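One structure is given below, encoded as structure tokens.
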Amino acid sequence: MRSMNVLSKVTSLAAASAMVLSLAACGGTSGTSSTPAPDSSTPAVGTASYTVGICQQMTHEALDAATQGFKDALNELLPGQVTFEEQDAGGEYANCGTIMDGFVSEGVDLILANATYPLQAAASATADIPILGTSVTDYATALSIDNWTGTVGGNISGTSDLAPLDQQAAMLQELFPDATNVGLLYCSGEPNSVYQVETIQGYLEDMGYTCAQYAFTDVNDLSSVAQTACDNSDVIYIPTDNTAAANTETIANVVIPAGVPVIAGESGICSGCGVATLSISYYDIGYKTGEMAAQILTGEADISTMPVEYAPNVTKMYNAANCEALGLTMPADYEPIA
């Protein structure tokens, strides 16, 4: 379906070009043209236009930044040529499926799946329309891919929000070398959160920590599970978990009074309830995804051969207010979260 969309656009452009040449050959030589000069801010007549469907799993700082970066890149690279159809799934997988079915029926030229649920729903909805994921931690886990090589293949590629988990474990050890028990707090319904927790647990246990997993199902049991984690932990680690990111105030209302510091997987969670993070820029990975989208839409790249891209940089950051509340002083190489 995607290949026919692109082919029809190319055919239409070729026909338009032929008509322009024909009219030019038949036109008179006297007088001046009444056609105004094209506005540089809008595409010239005959320039291809594209419709891109965006499904964001839910509203929170990190996912919002990724979507904005994606749109900014496409608007800069294909000015005036892209129409965005944006939908928010409200954290519900069923909504993602409905949204993707709508995009397929509409015949959009490309789909941005912002986070794991949208990626899984898009993969189930179409094998033809190009799908780019972003804010997805591990594509092999999300799409049940064995023998991961770095490229999904077919009609799917994108960017990952995975920060180096070994370095996050090292950060926890740097800041809390005398801690004994580490609680791993995450949403059991998010496959990429499960992946992160299981991976970092291995690193932490190799460092001598005792780890326990505290999984909540949704916001309804988040507060009680967080309290249990606080009761049994010296430090809590929260991965790049969308449900946690959308409910940091609920977590902060538990961990701060309990005096238990949180190391977060990304800056959005840290700014709400954490003390420190080794974070990527979600805007940057969104922008990179937009660059990939432009190459796909214009035919410069084949999505089936595009490897999943990762954030080039990570930054040590801290939450000044939470650190002050817990009496913590961060090392000099940590940057305050704005």
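Bear in mind that the values here come from a model prediction, so they are computed numbers and not experimental data.
- For Glu174 and Lys316, the salt-bridge test passes: some basic side-chain N is under 4.0 Å from an acidic carboxylate O.
- Closest approach of Leu132 to Gly158, counting heavy atoms only: CD2-N, 3.8 Å.
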Mind running side chain to side chain contact (heavy atoms under 4.5 Å, CB included) on Phe70 and Ile54 for me, showing each step along the way? CA-CA 10 Å; Phe70 176 80; Ile54 298 176; 4.1 Å; yes
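- Every residue was checked against the side chain to side chain donor-acceptor pair (under 3.5 Å) condition with Tyr117, not counting sequence neighbours, and none meets it.
- Of all the heavy atoms in Ile145 and Tyr139, the pair that sits closest is CD1-O, 4.0 Å.
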Could you go through Thr240 and Gln196, starting from their C-alpha distance and side-chain angles, then the distance that decides it, and tell me whether this counts as side-chain hydrogen bond (donor to acceptor under 3.5 Å, both in side chains)? CA-CA 8 Å; Thr240 55; Gln196 291 174 82; 2.8 Å; yes
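- For the residue pair Ile285 and Ser135, the shortest heavy atom distance occurs at CD1-N, 3.8 Å.
- A donor-acceptor pair is defined here as one N or O able to donate and one able to accept, closer than 3.5 Å; no such pair exists between the side chain of Gln56 and the backbone of Thr67.
- Leu78 has its side chain within reach of Leu297: a pair of non-hydrogen atoms, C-beta onward, lies under 4.5 Å apart.
- Using a distance-only test at 3.5 Å, with no hydrogens or angles considered, a donor-acceptor pair links the side chain of Ser157 to the main chain of Met306.
- The side chain to side chain donor-acceptor pair (under 3.5 Å) search around Asp218 returns Asn220, not counting sequence neighbours.
- Considering every non-hydrogen atom in both Leu119 and Ala142, the closest pair reads CD2-CB, 4.2 Å.
- Of all the heavy atoms in Leu63 and Met58, the pair that sits closest is CD1-O, 3.5 Å.
- Legend: residues meeting side chain to side chain contact (heavy atoms under 4.5 Å, CB included) with Leu77, ordered by chain and number and at least two apart, are Glu291, Ala294.
- Between Trp148 and Val308, some side-chain heavy-atom pair lies under the 4.5 Å cut-off.
- For the residue pair Asn319 and Ser271, no side-chain donor N or O sits within less than 3.5 Å of a side-chain acceptor on the partner.
- Between the side chain of Asn322 and the backbone N or O of Gly274, at least one donor-acceptor pair lies under 3.5 Å.
- Of the possible donor and acceptor atoms, one in the side chain of Thr98 sits under 3.5 Å from a partner among the backbone N and O of Ala94.
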